[in-house]
Amino acid sequence: MRAVIFDLHTHTTASDGSLTPSELVNFAHERGVGVLAVTDHDTVAGCAEAADAASKDLSVICGIEFSTTWSGRSIHIVGLNVDPDSKALLDGVNEQQRARDSRAREIGRRLTRLGIDDPYPAARRMAGDAAIGRPHFAALLVDAGVVRDTATAFRKYLGAGKLGDVTLGWAGLEDVISWIHAAGGIAVIAHPAKYKMTMTKLKLLVADFVEAGGDAIEVVCGHQTPDVTRRLADVARDFELAASIGSDFHHPGQSWSHPGSCGQLPKDVRPVWESW
Ligand code: AMP
Ligand code: MN
Ligand code: MN
Ligand code: MN
């Protein structure tokens with residue numbers, strides 16, 4: 001029998017993905033995914049529609065990707081198997097959305113320096129009902145002809161340390177972990193390799209995460225080398241964390257980031273789904 005394909009990190013139009021929740025479910029199903037978690041940025045607004053689109057071949061898990069601030073950096077914590085109606089979770093979501101909105105206003109103020117009129121309302125329109133974020137400002141910069149594509153927008157204006165990178169204002173690790181736990185979910189450090197930390201720094205983060213009650217770490221996220229997977233599996237084992245896997249899918253087009261495209265977890269880690 002073929003192993004079930006798990007993809008426990010994906011985005012929809014509820015945040016900065018380009019497929020609606022039901023389109024995502026169909027897209028993942030076509031690619032053989034058996035268990036899919038929808039993990040939009042600081043919102044569970046896509047969960048109900050995704051759950052409605054589930055089938056006997058594809059189970060949907062409600063998740064969320066919380067933004068947190070740790071040691072002056074922006075770190076993402078995925079919550080898996082959360083109850084989208086949990087009051088504690090929704091209170092946290094509201095707090096984060098207020099932080100997102102005030103951060104977006106500040107990003108807007110800063111980007112006026114690039115000669116764009118009123119960037120905040122324009123980005124707000126780009127986002128529609130979705131959780132507003134830097135990708136909406138990136139789209140605006142592309143539309144305004146300031147840069148030729150999203151990657152350039154991040155490289156020049158929105159990425160770490162650039163004009164539009166406003167990191168203040170997210171909740172801390174303890175808060176987001178407590179919201180996830182109150183909603184019955186498990187807390188997972190998202191895409192550890194993306195922070196470009198030294199191993200020493202990453203272990204400090206993981207130690208604080210464990211201390212704050214965190215449960216798991218993404219040992220496989222998107223396209224990464226076997227060497228990175230090996231080292232993250234070692235971290236998971238050393239800190240007795242469960243292991244998760246996900247594509248961090250946002251947009252169709254790049255086949256290597258499609259749902260279900262990042263393979264399997266190594267055999268010597270404890271998968272997050274063992275307790276489900
Ligand atoms: P925010 O949630 O507002 O902090 O925006 C972060 C999101 O921007 C990430 O989840 C990615 O979807 C996107 N992003 C970050 N870096 C890049 C990049 N270099 N190129 C394209 N998208 C990016
Ligand atoms: Mn994103
Ligand atoms: Mn992320
Ligand atoms: Mn993500």
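Counting starts at 1 for both ligands and their atoms, following the listed order.
- Considering only heavy atoms from C-beta on, Y195 stays 4.5 Å or farther from K201 through its side chain.
- Put simply, the side chain of W273 reaches to within 4.5 Å of the side chain of I245, judged on heavy atoms.
- Side-chain contact between F209 and I77: present, with at least one pair of heavy atoms (C-beta onward) separated by less than 4.5 Å.
- Distances from the Mn ion (ligand 4) show that H11 has an N/O/S atom below 2.8 Å.
- Nearest-residue assignment for atom 3 (O) of ligand 1 (options K194, R155, H251, R103; heavy-atom criterion): R103.
- The contact set between ligand 1 and D16, taken as ligand atoms under 4.0 Å from a residue heavy atom, comprises 7 (C), 9 (C), 10 (O), 11 (C), 12 (O).
- Closest to atom 6 (C) of ligand 1 among all protein heavy atoms lies R134 NH2, 3.6 Å.
- Every N/O-N/O distance between T150 and ligand 1 stays at or above 3.5 Å.
- The closest side-chain heavy-atom distance from C221 to C262 is not below 4.5 Å.
- Under 4.0 Å from ligand 1, the heavy atoms of H41 that appear belong solely to its side chain.
- Nearest N/O/S atom of H9 with respect to the Mn ion (ligand 4) is recorded as NE2.
- Taking the six-membered ring where tryptophan is involved, the planes of H11 and H250 are essentially parallel, since the angle between them stays under 30° and well short of 60°.
- Using a cut-off of 2.8 Å, one finds that H41 contributes no N/O/S atom close to the Mn ion (ligand 3).
- Of all protein heavy atoms, the one closest to atom 18 (C) of ligand 1 is F154 CG, 3.4 Å.
- Checking H76 against the Mn ion (ligand 4), every N/O/S atom stays at or beyond the 2.8 Å cut-off.
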Kindly indicate, with the supporting measurements, whether the criterion side-chain contact (heavy atoms from CB on, under 4.5 Å) is fulfilled by S244 and L80. CA-CA 10 Å; S244 188; L80 292 176; 3.9 Å; yes

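- Ranked by closest heavy atom to atom 5 (O) of ligand 1, the top entry among G164, G133, P135 is P135.
- Remark: E106 CD is packed, more than 12 non-hydrogen atoms of other residues, nucleotides or ligands lying under 6.0 Å away.
- In terms of polar-atom proximity, R100 is counted as a contact of ligand 1, with an N or O under 3.5 Å from an N or O of the ligand.
- Between atom CG of residue D42 and atom CD of residue E65 there is a gap of 8.0 Å, rounded to the nearest 0.5 Å.
- Geometrically, ligand 1 and S67 share no nitrogen or oxygen pair separated by less than 3.5 Å.
- At least one side-chain heavy atom of R100 sits under 4.5 Å from a side-chain heavy atom of H41.
- Vertex the Mn ion (ligand 4); arms to E65 atom OE1 and D248 atom OD1; angle 170° (nearest 10°).
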